[in-house]
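Written out below as C-alpha cells is the structure these notes cover.
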Amino acid sequence: MSKNEARFGTLAVHAGQQPDPTTGAVMPPIYQTSTYAQSAPGEHQGHEYARVTNPTRDALEGNLAALEGAREAIAFSSGVAATDAVLRSLRPGDHVVASNDLYGGTYRLMREVLGPFGIQSDFIDMADPDRVEAVFRPETKLLWLETPTNPLLRVVDIAELSRRAKARGITVAVDNTFATPYLQRPLELGADLVVHSTTKYLGGHSDVIGGVVCTNNESWNEKLRFLIKSAGAVPGPMDCFLLLRGTKTLHLRMQRHCENAGRIADYLEAHPAVGRVYYPGLASHPGHELAARQMSGFGGMVSFQLSDPSMQAALKLLSGTRVFLLAESLGGVESLINHPATMTHASIPKDERIAAGLEDNLIRLSVGVEDCDDLLEDLEQVLASPTRRKGYGT
Ligand SMILES: *Cc1c(COP(=O)(O)O)cnc(C)c1O
C-alpha cells in the first residue's frame, strides 16, 4: 500500500514527508533560508527564493492536501491571509453570500476591508437551503460556508448548498477549521475550496499562527500560488515545522476532543443553572441528524447560555474557572472559555450580533484533551458559585 492510499491516521503521520535524503532525519528539517544557490542562471534544484517555495512548507502542504483529500494545498501565514487570498479573486460589483454566524474576522474582512473596494456581502442563516438560494444574484461569485458555525455550532448542508451554488457557477468555499478533515471533508461533498485556520486544531498546541487553502481545481491552485507569490503572506519554515508536528496527532487529539466535549455537553444540558446548550452531538440540536450524516464526530466546541440572561452573570462565570483558561482562540490541547459578545465577536455590531443569536449570556468552550473529570469539576465549581479562584499555575 503506498502512503497516498493509506488511511487518515497514517497520512497524518507520514504524508508529505520522507526521511531527509542527505542525513536520514525522520522529521523534515527547518529550511531556514531565504534563497537557494544556482549552478548557472536558472539552474537549481527546484527552489529559487523562499517567498515562492521552501522545502519545509512543501512538506506541510503535501501533508495538509492528503488530509483533506485534495490535490493541492497552499499554506499561508494565517487563517485570515488564506481567507483574504480567496476573497481577492473577487472584483468590484461581485457579491459574496456567507453565514450570519461565522468567524468574526471573516465578517470584518468581507465588510470593512473589501466592502470599500465594492465587494458586496450578505450574511444569512444557512439552515434552510431555499433561503440561501433566494439571496443568490447574477453577481454572486462566492458562497462562504462555515460548519459547524462559530459560536452557535449550527450545521450547514455542504452537499446540498454546493449543488445549488454550482448550478449557478458560484464557487463554494468551506471554512473547515472547527470540524477538521478528521471529522468532515468538504471537497468530497462538492466544495471547490477548503480553508483552515491551521492555528486551531491542525496545529493543536496554541503555539503557531497559520492558514491553508486546499483544492482539486487547477485554475484555483494557479491563482492562489500566483497571489501568495505576489502578495507574500507566506508561513515561515519554523511555523511549517510546528504545524507538521501538530498534524501527526490530529486524529488522536480529535478523538479525545470529541469524547470530552460530548460529556461536557451532556453535563451542561442537565444543569439547572444552564439554559440552552449548543452541541451538534446532542439529540436536542436542530442540526444533529445532518451532523451525524456529514461528519464522523461532533467536534470539541460547545456553547451554552446561562439561565440568567444578564451579561454580568456570564462575565462572573468566565473569570471563575481554574482549568478552562479565559482566552480567545480554540482547538488547542488546553481547554479555553470565551465570551463571544465581548471577545471573539465584538467586531459585529450589537444589533446584528443579537439578531444572529449571539446573546450577552452566551459562553463558548473549546474543550481540550485534559482529563474530563477535572473539566467537569471545574464547571461544577463555577456553576455552583461563580467567584474568582486562583488558577493551578498561580
Ligand atoms: C481563527 C479562525 C480564523 C482566522 O484564522 P487566524 O489563523 O487567526 O488568522 C478563521 N476561521 C475560523 C473558523 C477561525 O476559528
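Counting starts at 1 for both ligands and their atoms, in listed order. The basis for the numbers below is simple: all heavy atoms, side chains too, and nothing from hydrogens, waters or symmetry mates.
Close contacts between ligand 1 and Val80 involve ligand atoms 4 (C), 5 (O), 6 (P), 9 (O) [criterion: under 4.0 Å to a heavy atom]. Proximity to Gly79 (heavy-atom distance under 4.0 Å) selects the following atoms of ligand 1: 5 (O), 6 (P), 7 (O), 9 (O).
The proximity of Asp175 to ligand 1, defined as any non-hydrogen pair under 4.0 Å, is limited to the side chain. Under 4.0 angstrom from ligand 1, the non-hydrogen atoms of Leu330 all belong to its side chain.
At a 3.5 angstrom cut-off on N or O pairs, Glu146 does not count as close to ligand 1. Between Lys200 and ligand 1, an N or O atom pair is found at a separation short of 3.5 Å.
Of all the heavy atoms in Leu318 and Ile363, the pair that sits closest is CD2-CG2, 4.3 Å. Minimum interatomic distance between Ala265 and Val277 (heavy atoms only, all atoms of both residues): O-CG1, 4.1 Å.
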Decide side-chain contact (heavy atoms from CB on, under 4.5 Å) for His44 and Tyr36; before the verdict, give the C-alpha distance in whole Å, the side-chain angles of both, and the deciding distance to 0.1 Å. CA-CA 8 Å; His44 53 75; Tyr36 308 86; 5.7 Å; no
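Within the 4.0 Å heavy-atom cutoff, Gly210 counts among the residues contacting ligand 1.
Regarding atom 8 (O) of ligand 1, its nearest protein heavy-atom neighbour is Tyr103 OH, 3.9 Å.
Classification of the His251-Phe8 ring pair by plane angle, with boundaries at 30° and 60°, yields perpendicular.
You'll find the side chain of Leu244 reaches within 4.5 Å of the side chain of Pro28, heavy atoms only.
The backbone N or O of Ala12 lies less than 3.5 Å from a partner atom in the side chain of Asn63, making a donor-acceptor pair.
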